[in-house]
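Quick caveat: nothing in here was measured; it's all calculated off a predicted structure.
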Amino acid sequence: MDFDAETAGNNPEIEMQFAVKTVEHLEAYEKLITGIPPSKIKFTPIDEELYENMLDIFPELKFEDNLRELNEESMKSVQGKDRWRKFIMPYEKRVTDYNFGTLIRRRSDELYSEENSVLVTRVQFYAIEIARNRAGLNDKIYNEAQAKKNKA
């Protein structure tokens, strides 16, 4: 039996599986960035390429302020979606689950919450988090978790 996402409609069972997988991913990433120095995290064998390609297409993300707090309206505008699609599609056969819906933190200095989560594709998540880790923007989360752990 073939599955056609265009004609499938909203299947509650599929939506629940998607939600479970999305939450599992965010929990795993939160555990990762609070457990090891973010600068040491490697997501894929092509992290460098993802990073460089993102900065070529989105030069505004070279600025820490734009990585520290994501502009969801800009990302999801017609122009933003078009730019992200151009970034994402070359990774279709190269990155597992490249377009799977993934939650990213809107503000890098806070943990996940309902207000601090934006739905993006897996490739967007990788590229943005690689850039945040290289810029040291996730260090606050890591350092706070380590301080809390050392107090216990």
Side-chain angles (χ1 to χ4, degrees), residues 3-6 8-58 60-142 144-145:
F3 177 79
D4 182 2
E6 297 298 321
N10 293 337
N11 181 324
E13 187 175 313
I14 291 172
E15 288 180 3
M16 182 56 75
Q17 289 172 356
F18 168 77
V20 168
K21 190 170 180 180
T22 301
V23 169
E24 287 172 351
H25 180 268
L26 82 81
E27 288 173 344
Y29 186 60
E30 199 163 84
K31 189 174 183 177
L32 193 62
I33 63 171
T34 58
I36 65 170
S39 62
K40 300 205 182 304
I41 296 172
K42 185 156 176 64
F43 295 105
T44 75
I46 60 169
D47 280 8
E48 184 64 28
E49 179 185 333
L50 288 168
Y51 175 73
E52 293 296 331
N53 191 15
M54 182 187 72
L55 293 183
D56 286 345
I57 295 173
F58 299 95
E60 66 272 19
L61 293 178
K62 292 178 183 171
F63 302 101
E64 288 184 10
D65 285 346
N66 294 335
L67 283 171
R68 186 175 290 112
E69 184 163 355
L70 300 177
N71 183 334
E72 184 176 7
E73 286 180 21
S74 173
M75 291 174 75
K76 299 197 174 181
S77 69
V78 172
Q79 181 186 13
K81 285 180 181 181
D82 187 50
R83 290 174 73 202
W84 279 109
R85 193 174 302 106
K86 287 176 185 167
F87 170 76
I88 293 163
M89 291 315 297
Y91 300 104
E92 181 177 12
K93 297 192 181 345
R94 300 179 61 208
V95 175
T96 304
D97 294 333
Y98 79 103
N99 68 344
F100 191 84
T102 305
L103 290 172
I104 193 166
R105 293 166 300 124
R106 176 177 287 122
R107 290 174 302 283
S108 63
D109 60 348
E110 297 177 23
L111 293 172
Y112 283 99
S113 68
E114 188 174 337
E115 302 80 32
N116 198 39
S117 298
V118 177
L119 188 64
V120 296
T121 66
R122 185 68 47 95
V123 171
Q124 285 174 289
F125 170 86
Y126 287 152
I128 293 167
E129 288 299 329
I130 290 164
R132 284 175 163 179
N133 289 340
R134 290 182 180 191
L137 296 175
N138 286 328
D139 290 351
K140 178 181 181 220
I141 297 289
Y142 170 75
E144 286 175 354

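For the side-chain contact (heavy atoms from CB on, under 4.5 Å) with Leu70, the lone residue among Val120, Ile104, Asn116 that qualifies is Ile104.
Taking a cutoff of 4.0 Å between a charged side-chain nitrogen and a carboxylate oxygen, Lys140 and Glu144 qualify as a salt bridge. Between Arg134 and Glu48 there is a salt bridge, with a side-chain nitrogen of the basic residue lying less than 4.0 Å from a carboxylate oxygen of the acidic one. The existence of a salt bridge linking Arg105 and Glu129 is confirmed by a sub-4.0 Å separation between a basic side-chain nitrogen and an acidic carboxylate oxygen.
When all heavy atoms of Phe43 and Ile130 are compared, the closest pair comes out as CD1-CG1, 3.5 Å. Residues Ile33 and Ile41 share a closest heavy-atom pair of CG2-CD1, 3.7 Å.
Using the six-membered ring where Trp is involved, Trp84 and Phe58 have ring planes that are parallel, under 30° apart on the 30 and 60° scheme.
Judged by distance alone, the side chain of Tyr126 and the main-chain N or O of Val95 form no donor-acceptor pair under 3.5 Å. Between the side chain of Asp47 and the main chain of Thr44, a donor-acceptor pair closer than 3.5 Å is present. Looking only at distances, a side-chain donor or acceptor of Arg132 sits under 3.5 Å from a matching main-chain atom of Leu67.
Taking the six-membered ring for Trp and the full ring otherwise, Phe125 and Phe100 have centroids separated by 6.0 Å or more.
Using a 4.5 Å cut-off on side-chain heavy atoms (C-beta onward), Asn99 and Glu92 make no contact.
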